[in-house]
Amino acid sequence: MRPPMPEQEAEELRAWRDHAARSGGRHARRSRPTWSGTAARGVSGALATGLLVLALFLVGVQYWATSIGQQGPGVGAVVGHLVASVLALVLQAVADRRRDLTGGLATAGAYVVVLGALWFWWWV
């Protein structure tokens, strides 16, 4: 059992807690994740990961095609997919760590990058 705190220390602790609660510190405005936000981040994460898998598959196809004397998808397509997948994954990492406007914009950015890459390279 802890000894009782002197009154002056208890008052200072109460004042500090009141100040921390009113100051809007780093964690003060942290809201609970909503179902729609969680679902949007989940789908964008799946799309970003899928784009990475597609980019790695294209690396393998390019290597295989070149080794048998064929053209393959082309270096530009492979590099474009790799760059888009890395950008989408970076945006997704930001979206997973932030629950504010920045996180929402990062989620939207991941959608734009993935769907833009698919549209540009595959005419989806």
Side-chain angles (χ1 to χ4, degrees):
M1 191 163 156
R2 291 175 21 181
M5 187 180 297
E7 186 58 36
Q8 182 181 1
E9 287 183 31
E11 183 61 35
E12 288 174 2
L13 181 61
R14 277 192 294 274
W16 180 82
R17 286 182 179 159
D18 288 342
H19 171 73
R22 282 182 275 115
S23 69
R26 189 171 118 170
H27 301 288
R29 290 176 283 191
R30 189 168 207 130
S31 61
R32 293 184 53 170
T34 61
W35 181 85
S36 60
T38 302
R41 278 189 309 278
V43 171
S44 67
L47 287 173
T49 304
L51 185 61
L52 176 65
V53 170
L54 177 62
L56 293 176
F57 177 75
L58 284 176
V59 168
V61 168
Q62 181 66 34
Y63 178 76
W64 172 75
T66 305
S67 69
I68 62 169
Q70 298 294 319
Q71 183 179 1
V75 176
V78 173
V79 171
H81 279 81
L82 286 171
V83 168
S85 67
V86 168
L87 180 60
L89 288 171
V90 167
L91 287 168
Q92 184 61 37
V94 172
D96 285 341
R97 286 166 176 74
R98 304 280 301 254
R99 300 287 190 263
D100 55 357
L101 180 63
T102 303
L105 291 175
T107 301
Y111 277 110
V112 167
V113 168
V114 170
L115 297 176
L118 290 176
W119 177 80
F120 183 78
W121 293 107
W122 296 92
W123 296 95
V124 172

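It should be emphasised that the depicted structure is a prediction, and the values quoted were computed from it without experimental measurement. What you see below is based on every heavy atom in this structure, not just the backbone, and it leaves out hydrogens, waters and symmetry mates.
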- Message: Which residues pass the side-chain contact (heavy atoms from CB on, under 4.5 Å) test with Q71, not counting sequence neighbours?
- Response: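 Not a single residue meets the side-chain contact (heavy atoms from CB on, under 4.5 Å) criterion with Q71.
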
Answer with yes or no whether the hydrophobic clustering places [X] together with [Y]; edges join I, L, V, M, F, W, Y residues whose side-chain heavy atoms lie under 4.5 Å apart.
X: F120; Y: V114; result: yes
X: W123; Y: L51; result: yes
X: W119; Y: V43; result: yes

- Query: For the side chain of S44 and the backbone of R41, is there at least one donor-acceptor N/O pair under 3.5 Å apart?
  - Reply: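 Between the backbone of R41 and the side chain of S44 there is a qualifying donor-acceptor contact (under 3.5 Å).
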
Please give me the minimum heavy-atom distance between [X] and [Y], naming the atom from each residue.
X: A84; Y: A117; answer: CB-CB, 3.8 Å
X: A95; Y: G103; answer: CB-O, 3.6 Å
X: A55; Y: L82; answer: CB-CD2, 3.7 Å
X: V113; Y: L87; answer: CG2-CD2, 3.7 Å
X: A110; Y: Q92; answer: CB-OE1, 4.2 Å

- Go through the steps to decide whether L105 and L91 satisfy the test side-chain contact (heavy atoms from CB on, under 4.5 Å), and finish with yes or no. CA-CA 9 Å; L105 291 175; L91 287 168; over 6 Å; no

- Message: L54 vs W122, test: side-chain contact (heavy atoms from CB on, under 4.5 Å). Steps then yes/no.
- Response: CA-CA 11 Å; L54 177 62; W122 296 92; 3.6 Å; yes

- Message: Using side-chain contact (heavy atoms from CB on, under 4.5 Å), reason through Y111 and T107 one step at a time and then give a plain yes or no.
- Response: CA-CA 6 Å; Y111 277 110; T107 301; 3.8 Å; yes

- Which distance, rounded to the nearest 0.5 Å, do you find between the OG of S85 and the CG of L58?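 S85 OG to L58 CG: 10.0 Å, rounded to 0.5 Å.
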
- Message: Within this structure, what is the OG1-CG distance for the pair T38 and D96, rounded to the nearest 0.5 Å?
- Response: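 Atom-to-atom, T38:OG1 and D96:CG are 10.0 Å apart.
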
- Item | Side-chain donor-acceptor pair present, Q62, T66, cut-off under 3.5 Å |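 The criterion, which ignores hydrogens and geometry beyond distance, is satisfied for T66 and Q62.
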
- Query: Parallel under 30°, tilted from 30 to 60°, perpendicular over 60°: which one fits the rings of H81 and W121?
  - Reply: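 Judged by the thresholds at 30° and 60°, the geometry between H81 and W121 is tilted.
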
- Task: Evaluate the side-chain proximity of V79 to V83: yes if any heavy-atom separation is below 4.5 Å, no if none is.
- Result: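 They are in side-chain contact.
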
